Trainee: 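Okay, handing you the structure first.
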4 protein chains.
Amino acid sequence: MTDKQKNILKAALILFAEKGYAATSTSKVAKEAGVSEGLIFRHFQNKEGLLNAIMQLAKAAANREFAGIIENENPKAIIRGIIEMPFKIKQDQFLLWKLIYALKWQTETYDSSISEPVKQALIKAFSKLGYSNPNAEAETVLILIDGIAMAVLLRKPANMDEIVSSMLAKYKL
Amino acid sequence: MTDKQKNILKAALILFAEKGYAATSTSKVAKEAGVSEGLIFRHFQNKEGLLNAIMQLAKAAANREFAGIIENENPKAIIRGIIEMPFKIKQDQFLLWKLIYALKWQTETYDSSISEPVKQALIKAFSKLGYSNPNAEAETVLILIDGIAMAVLLRKPANMDEIVSSMLAKYKL
Amino acid sequence: MTDKQKNILKAALILFAEKGYAATSTSKVAKEAGVSEGLIFRHFQNKEGLLNAIMQLAKAAANREFAGIIENENPKAIIRGIIEMPFKIKQDQFLLWKLIYALKWQTETYDSSISEPVKQALIKAFSKLGYSNPNAEAETVLILIDGIAMAVLLRKPANMDEIVSSMLAKYKL
Amino acid sequence: MTDKQKNILKAALILFAEKGYAATSTSKVAKEAGVSEGLIFRHFQNKEGLLNAIMQLAKAAANREFAGIIENENPKAIIRGIIEMPFKIKQDQFLLWKLIYALKWQTETYDSSISEPVKQALIKAFSKLGYSNPNAEAETVLILIDGIAMAVLLRKPANMDEIVSSMLAKYKL
DNA sequence: GATGAATGAGATTTCATTCAT
DNA sequence: CATGAATGAAATCTCATTCAT
């Protein structure tokens, strides 16, 4: 992966995440990346190929993040870790997450592949804790973290600490 | 407002909500509306004007929905009503909500004008109930309903009843 | 001729003279005239008909102006009158003249019909004064008044009195 | 500057000068230039950018022409040179001049930047010759050459030689 | 690997004109 | 007489993609 390839990916990530995929032209990506427009097509075939390359990186980063949390032994720690996850998105992964979420609204069919391992981990954890309906509880947490992600990625509220406390309290974590 | 104007608004809502604003061409809107393309511009100036006209309608519909819930006397009923709201989106308002949410990810600055009255109602309700930090609690509910909205509008999970029970239980409603 | 017809003619004159015929849309004319767009076509058939109607008025006004000068007995007075003419354009005829001149540059073929009687009057006057080449002298004056018209209609120089004196002096008038 | 760029400029010059800027579509320019329409916008941003590029060339050509005349030592030669200038417009500059003049009538504000050095040269020349009002005399010549330019560019009169003699005689040149 | 010229299809917008009311 | 909705063609402009160098 050459420097210019990295520049293209970075520029495309910024623009796709900030303005949307359809609203971003390859020429703007090229300009932002300081690269000729032709180079994008040489490296990524077409615009969709460029998006796919970025989504590969995004999914890999997401999975690495999940892995650290899921492999925990303690079910409460897993649930707590999952709820806290969006609050702890690091600056260099912010746009990757923003793109993942933005695309959910821009593509015909919802892609649940990213969150699937998280869901399974939650079901297992709630089962271990003896919840009567672990499936529904897992779904509830997934809904919660989508809401949190929206807040963190879009609204950036000031009093995050209080919010996270309030959330964890509801789950007695 | 003539029939053709209504057709344009309806077609644009469907396409903008389903495919995204940038990914929808005015020619597709015109075709879907059974109207000449020029008519769109005669009535709404430009593509953005068309979007604005739809968003006006969306906000008005949202406010009507909120009004019914917020004017309640009982604080618990208000909180419960707000949490249940996204679960009860009617078919004819589904696309308006989908568009409202989709646009949050496609515009430069987050528009919180729609949810502001809801937030104020929640703060008041939690105050009345004696919560120590009503602001954070209100924010928590807003986050929750954003998550629910995402689920309802995008994922359409099967076991909604169980989920809503689980949610309401956390707030002892 | 109804009031609205007059409004249309006036608005069209202003816009055609100031922005150019091709650069002026019938919708702008209608807006400026405070009239529906359809009315323009009811009264003047099409955009060109509107232009023709204005040019009729312009030519008639020009001919009235010429008539007062040309019918003079004294050849020197005629030449003097013609040279002074553009300096004396009245405010209410300013745009008519501006349009006449502007159109010379916007139509395929030059329309000399307006200036023809002036040319004949000049040839006669120079003949009477015994000039050896009255045709060339007449042409020279026509050239001069085109230059003056350009100055008056476009540049509006400050020291007009001095300029007109200098001009008349060259012809010993 | 590639061949196709030159073709575009040439085609645009011909059409803008002959039919007018507003009356010329970019598609006609592209066809005349034997080029795809998109290329016009890639090289010149928009239609106005194309016009500006041509006007740059026109002004440069005009200044080169002026320079040869103005740098003369003899004041009479300068005045004579300026008056004769429009009569001597070469074929390859004919359209540039036609466009310069045509645009004067189509733009909101008169652009005197082209003729300013000529005016200064004239004022100097008339001063040297002891004229009592060199400013007014310079203005008079400017008016004259605008009239001549109109004649040469639009009417193309037959007896040019006689006309130029008559003009120069008035200035005893 | 990289550029930048070039294209053709399509997107947005404007415009003259028609027509029902 | 007058309006304003509506149209279809054309004008301006954008965009993803190709290709010669």
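Lettering of chains follows the sequences in order, A, B, ..., and the numbering in each one begins at 1. Everything numeric here is computed off the predicted structure, so don't read it as measured data.
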Trainee: Would you mind reading off the distance between Leu39(A) atom CG and dG4(E) atom P, rounded to a whole angstrom?
Mentor: 11 Å
Trainee: Between atom CD1 of Ile54(B) and atom CG of Leu96(B), what is the distance when rounded to the nearest 0.5 Å?
Mentor: 8.5 Å
Trainee: Using Watson-Crick or G-U wobble geometry with both distances under 3.5 Å, which nucleotide pairs with dT21(E)?
Mentor: dA2(F)
Trainee: Start at the 5' end of DNA chain F and walk down; is the nucleotide closest to Asn46(D) or to Ser27(A) reached first?
Mentor: Asn46(D)
Trainee: 5'-most contact on DNA chain F: Asp3(B) or Ala23(A), nearest heavy atom basis?
Mentor: Asp3(B)
Trainee: Give the rounded distance in Å between these two atoms: CG of Leu51(C) and C1' of dT17(E).
Mentor: 17 Å
Trainee: Is Thr2(B) close to Asn7(B) at the side-chain level, that is, under 4.5 Å between some pair of heavy atoms?
Mentor: no
Trainee: Taking atom C1' of dT14(E) as reference, at what distance in whole Å does atom CG of Leu15(C) sit?
Mentor: 16 Å
Trainee: Taking only N and O in the side chain of His43(D), is any of them less than 4.0 Å away from OP1 or OP2 of dG4(E)?
Mentor: no
Trainee: Rounded to the nearest angstrom, tell me the gap between atom CE in Met1(D) and atom P in dG4(E).
Mentor: 17 Å
Trainee: Has Thr2(A) got a side-chain N or O lying under 4.0 Å from the OP1 or OP2 atom of dA2(E)?
Mentor: yes
Trainee: Using whole Å, report how far CD1 of Ile40(A) lies from C1' of dA5(E).
Mentor: 16 Å
Trainee: Which of parallel (below 30°), tilted (30 to 60°) and perpendicular (above 60°) describes Tyr101(D) and Trp105(C)?
Mentor: parallel
Trainee: Return no unless some side-chain N or O of Arg42(D) is found under 4.0 Å from OP1 or OP2 of dA6(E).
Mentor: no
Trainee: For dT12(F) and Thr26(D) - does any side-chain N or O of the residue sit under 4.0 Å from the phosphate oxygens OP1/OP2?
Mentor: yes
Trainee: Using atom CZ of Phe44(A) as one end and atom C1' of dT17(F) as the other, report the distance to the nearest whole Å.
Mentor: 16 Å
Trainee: I want to confirm an ordering. Mapping Phe41(B) and Gly38(A) to their closest nucleotides on DNA chain E, which one lands closer to the 5' end?
Mentor: Gly38(A)
Trainee: Ion pair present between Arg155(B) and Asp146(A), side-chain N to carboxylate O less than 4.0 angstrom?
Mentor: yes
Trainee: Select from Lys47(C) and Lys4(D) the residue whose nearest nucleotide in DNA chain E is closer to the 5' end of that strand.
Mentor: Lys4(D)
Trainee: With a 4.0 Å cut-off on heavy atoms, is Glu37(D) in touch with a base, just the backbone sugar-phosphate, or nothing at all?
Mentor: base
Trainee: Side-chain N or O of Lys28(B) versus OP1/OP2 of dG10(E): is the shortest distance under 4.0 Å?
Mentor: no
Trainee: Just checking, is any N or O donor in the side chain of Glu37(A) or Thr26(A) under 3.5 Å from an acceptor N or O on the other one?
Mentor: yes
Trainee: In whole angstrom, give the distance that lies between atom CD1 of Ile8(B) and atom P of dT13(E).
Mentor: 14 Å
Trainee: dA6(F) C1' sits how many Å from Asn7(B) CG, rounded?
Mentor: 13 Å
